[in-house]
Amino acid sequence: MDVWHAYELSFLTEKGLPVAGLLKLSYAADSEFLVESKSLKLYLNGFNMERMGSNASEGIDQILGTIKKDLSALLQTKVNLAFFDGDLKGAEDDFDAFSVLEKHPEVQDLRFTHFSETPSLLIPEENTHGMQKVATHLLRSNCKITHQRLGLSLYPY
């Protein structure tokens, strides 16, 4: 088997909620065809701002269906896919005592519209005080000079 790990596959739900995770794909090594790694990376990065599914689970099913169909046709062989979205064993230690933002049920009902720096979102509402420990597996940014993606891998691979 040829086995590939794409350490970040991401897309948006129809409401703009970012979904990111690790994609593992495998196919028979005796396939007559292959995919060049840079081409695969560019193909997968093409999904970054695509909107798929009314929630993360539905979107994951849609994106995996699209990738499986495209790569199976290209490689002319069966392609197996798996998506890991931060529920990896041991990842919970990264945010001990923190609430993981994308795991809150009400997040699925929010509409996300800002995808660039928006300092006004950091101004607290009046009469709010206290501390919340919130974390996310979805943070990433682009270098302002090269526009390449920056981010931390939360996966111990």
Side-chain angles (χ1 to χ4, degrees), residues 1-96 98 100-104 107-108 110-119 121-122 134-157:
M1 298 296 286
D2 250 348
V3 180
W4 295 66
H5 291 89
Y7 288 96
E8 185 180 313
L9 172 65
S10 63
F11 64 94
L12 304 173
T13 66
E14 291 168 0
K15 293 182 180 178
L17 172 68
V19 178
L22 181 146
L23 175 70
K24 179 178 179 179
L25 66 98
S26 61
Y27 57 91
D30 62 359
S31 171
E32 182 180 345
F33 302 95
L34 60 90
V35 177
E36 188 268 331
S37 62
K38 184 71 171 183
S39 298
L40 180 62
K41 179 180 178 181
L42 291 171
Y43 167 74
L44 296 176
N45 282 342
F47 291 108
N48 290 341
M49 297 301 286
E50 286 293 317
R51 293 179 185 257
M52 298 186 168
S54 60
N55 57 48
S57 180
E58 194 176 291
I60 291 168
D61 289 344
Q62 286 181 12
I63 197 168
L64 292 182
T66 300
I67 294 169
K68 187 172 199 158
K69 181 183 80 140
D70 291 349
L71 291 180
S72 293
L74 180 73
L75 297 168
Q76 296 184 9
T77 190
K78 179 182 177 190
V79 174
N80 301 303
L81 300 174
F83 184 81
F84 305 95
D85 64 353
D87 287 334
L88 297 175
K89 186 94 174 121
E92 63 274 3
D93 295 336
D94 291 343
F95 296 114
D96 190 33
F98 282 70
V100 179
L101 186 63
E102 59 270 20
K103 299 298 180 188
H104 285 256
V107 168
Q108 297 294 328
L110 296 176
R111 187 161 297 281
F112 294 81
T113 57
H114 298 285
F115 295 97
S116 61
E117 294 175 0
T118 311
L121 292 175
L122 299 176
V134 180
T136 183
H137 291 94
L138 304 177
L139 181 63
R140 69 167 197 248
S141 64
N142 288 344
C143 174
K144 291 183 180 192
I145 297 168
T146 65
H147 301 290
Q148 290 182 325
R149 276 171 83 177
L150 307 172
L152 299 175
S153 173
L154 299 178
Y155 306 103
Y157 298 111

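Please read all numbers here as calculations on a predicted model, not as lab measurements. Nothing fancy with the numbering, it's 1 onward along the sequence.
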[atom1]/[X] to [atom2]/[Y] distance, rounded to the nearest 0.5 angstrom?
X: Lys78; Y: Ser31; atom1: NZ; atom2: OG; value: 14.0 Å
X: Met1; Y: Asp30; atom1: CE; atom2: CG; value: 9.5 Å
X: Leu25; Y: Asp2; atom1: CG; atom2: CG; value: 9.0 Å
X: Tyr27; Y: Leu34; atom1: OH; atom2: CG; value: 6.0 Å
X: Lys15; Y: Arg111; atom1: NZ; atom2: CZ; value: 6.0 Å
X: Ile60; Y: Met52; atom1: CD1; atom2: CE; value: 11.5 Å

Looking at every heavy atom in both [X] and [Y], which two are closest together, and how far apart are they?
X: Glu58; Y: Asn55; result: N-OD1, 2.8 Å
X: Arg51; Y: Thr13; result: CG-O, 3.6 Å
X: Val19; Y: Ala56; result: CG2-CB, 3.8 Å
X: Phe84; Y: Lys24; result: CE1-CB, 4.1 Å
X: Phe33; Y: Gln76; result: CE1-OE1, 3.3 Å

Are the side chain of Ser72 and the backbone N or O of Lys68 linked by a donor-acceptor pair below 3.5 Å? yes
Is there a donor-acceptor contact under 3.5 Å from the side chain of Asp70 to the main chain of Ile67?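 No; judged by distance alone, with no hydrogens or angles, the pair does not exist.
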Are there more than 12 heavy atoms of other residues, nucleotides or ligands under 6.0 Å from atom CD of Glu32?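 Not buried by this count: 12 neighbours or fewer within 6.0 Å.
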For the side-chain contact (heavy atoms from CB on, under 4.5 Å) test, which of Leu23, Leu9, Ile63 pairs with Leu81? Leu23
Which of parallel (below 30°), tilted (30 to 60°) and perpendicular (above 60°) describes Phe47 and Tyr43? perpendicular
Just checking, any donor-acceptor pair under 3.5 angstrom between side chains of Ser10 and Asn48?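 A donor-acceptor contact under 3.5 Å links the two side chains.
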